[in-house]
Structures are given as C-alpha cells and as structure tokens.
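This is a predicted model, so every value here is computed, not measured. Hydrogens, waters and symmetry mates are skipped; everything else that's a heavy atom, side chains included, is used.
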Amino acid sequence: MWQGKMKHKDNLGFEDTVEDGEVQWMTAGSGIIHEEQLPASERMLGVQLWLNLPAKDKMTKPAYRSIKRDQIPEVELEGGRLRILAGSYDGQQGVQGTISLLTIMILR
C-alpha cells in the first residue's frame, strides 16, 4: 500500500489493516476465503501482485502475513532508497514467505 489503508479478513482468522508503506502477503494454497475492505481515505494508491503457484504447491497450507513499515529493510542508493519486500539485495534480506518465487524491490 503506497498510500491509504486496506483491511484484510479471512476464514482462517487472519485480520489486519495495512497502511502507508506496508504490505500484505497471502498464500492462497489449498483455499482461503478472504475479503478486502478499503476504508474511506483522502487518497488510495496501491498495487496487488498475484502469482500462480507451481502445480506441486497448489495444495499448500494457506497463510497470511502483514508486513509493517519497520520490517521492510531499506538500502540507500544514489538518488533514492530501495525497499526490499522479498528476496535480497546488497546483503539485506527481505521477507521470506513459505513460497518465494521472486525478488521484489521498490525504488523511491
């Protein structure tokens, strides 16, 4: 979530709200029924990235994780900062889910 809020709630008991600069990580796996609510805000800007699990992982246990701002490592770069959401860069490790298929970094 770049700016705004999004509330997640599901049938497994996970419930949380992500806000400016935070991330939610969900693995659907063998099934998870979820809903997302967008509370009223002056501006909402975010992105969702959905990845198809490999066939061997389709029935994996569902999971949800809320990643708060202070859990996202940042690397200073010339002209900006790099926030590492998943994977690693320059010795800094991002969040590791049960299934990680890519490296995600945001340059600011």
Inset, instruction - Could you walk me through whether Q37 and K5 pass the side chain to side chain contact (heavy atoms under 4.5 Å, CB included) test, one step at a time? - result: CA-CA 9 Å; Q37 298 174 348; K5 294 181 182 183; over 6 Å; no

Inset, instruction - Please lay out, stage by stage, how Y89 and L82 fare under the test side chain to side chain contact (heavy atoms under 4.5 Å, CB included). - result: CA-CA 9 Å; Y89 178 82; L82 182 70; 3.4 Å; yes

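Looking at residues two or more places apart in sequence or on another chain, you find no side-chain hydrogen bond (donor to acceptor under 3.5 Å, both in side chains) involving S30. Residues that satisfy the salt bridge (Lys or Arg N to Asp or Glu O under 4.0 Å) test with E15, not counting sequence neighbours, are K7. Residues satisfying the side-chain hydrogen bond (donor to acceptor under 3.5 Å, both in side chains) test with K58, not counting sequence neighbours, are N52. Checked against side-chain hydrogen bond (donor to acceptor under 3.5 Å, both in side chains), E76 has no partners two or more places apart in sequence or in another chain. For Q93, the side chain to side chain contact (heavy atoms under 4.5 Å, CB included) partners at least two apart in sequence or on another chain are S88, Q96. In this structure L12 satisfies the side chain to side chain contact (heavy atoms under 4.5 Å, CB included) test together with D10, F14, I32, P62, sequence neighbours excluded. In terms of the salt bridge (Lys or Arg N to Asp or Glu O under 4.0 Å) criterion, residue partners of D16 (sequence neighbours excluded) are, by chain and number, K68.
No donor-acceptor pair under 3.5 Å is formed between the side chain of R65 and the backbone N or O of M26. T27 places no side-chain N or O within donor-acceptor distance of the main-chain N or O of G29, the cut-off being under 3.5 Å.
To the nearest 0.5 Å, atom CH2 of residue W2 and atom CZ of residue R43 are 11.0 Å apart. Within the model, atoms NZ of K9 and OG1 of T17 stand 11.0 Å from one another, a figure rounded to the nearest 0.5 Å. In this structure, the separation between CD on Q3 and CD on E19 is 12.0 Å, given to the nearest 0.5 Å. Distance check: I84 CD1 to D90 CG gives 7.5 Å after rounding to the nearest 0.5 Å. With rounding to the nearest 0.5 Å, the separation of CD in E74 from CG in D70 is 11.0 Å.
Enclosure of atom CD1 in I33 is not indicated, since only 12 or fewer non-hydrogen atoms of other residues, nucleotides or ligands lie within 6.0 angstrom.
Hydrophobic clustering (side-chain heavy atoms under 4.5 Å, transitive across Ile, Leu, Val, Met, Phe, Trp, Tyr) groups W25 together with I72. Taking hydrophobic clusters as Ile, Leu, Val, Met, Phe, Trp and Tyr residues chained together by side-chain heavy-atom distances below 4.5 Å, I67 does not share a cluster with V18. Both M6 and M44 belong to a common hydrophobic cluster when Ile, Leu, Val, Met, Phe, Trp and Tyr are linked at side-chain heavy-atom distances under 4.5 angstrom. Both L38 and Y64 belong to a common hydrophobic cluster when Ile, Leu, Val, Met, Phe, Trp and Tyr are linked at side-chain heavy-atom distances under 4.5 angstrom.
L53 approaches D57 most closely through the heavy-atom pair CD1-O, 3.6 Å. Heavy atoms only, all atoms of each residue included: G94 and P73 are closest at CA-CG, 4.2 Å.
Evaluation of the salt bridge (charged side-chain N to carboxylate O under 4.0 Å, His left out) test over residues 24-38, restricted to residues two or more places apart or in two chains, returns none. Listed by first then second residue, pairs satisfying ring pair (Phe, Tyr, Trp, His ring centres under 6.0 Å) with a partner in residues 33-62 read H8-H34, not counting sequence neighbours.
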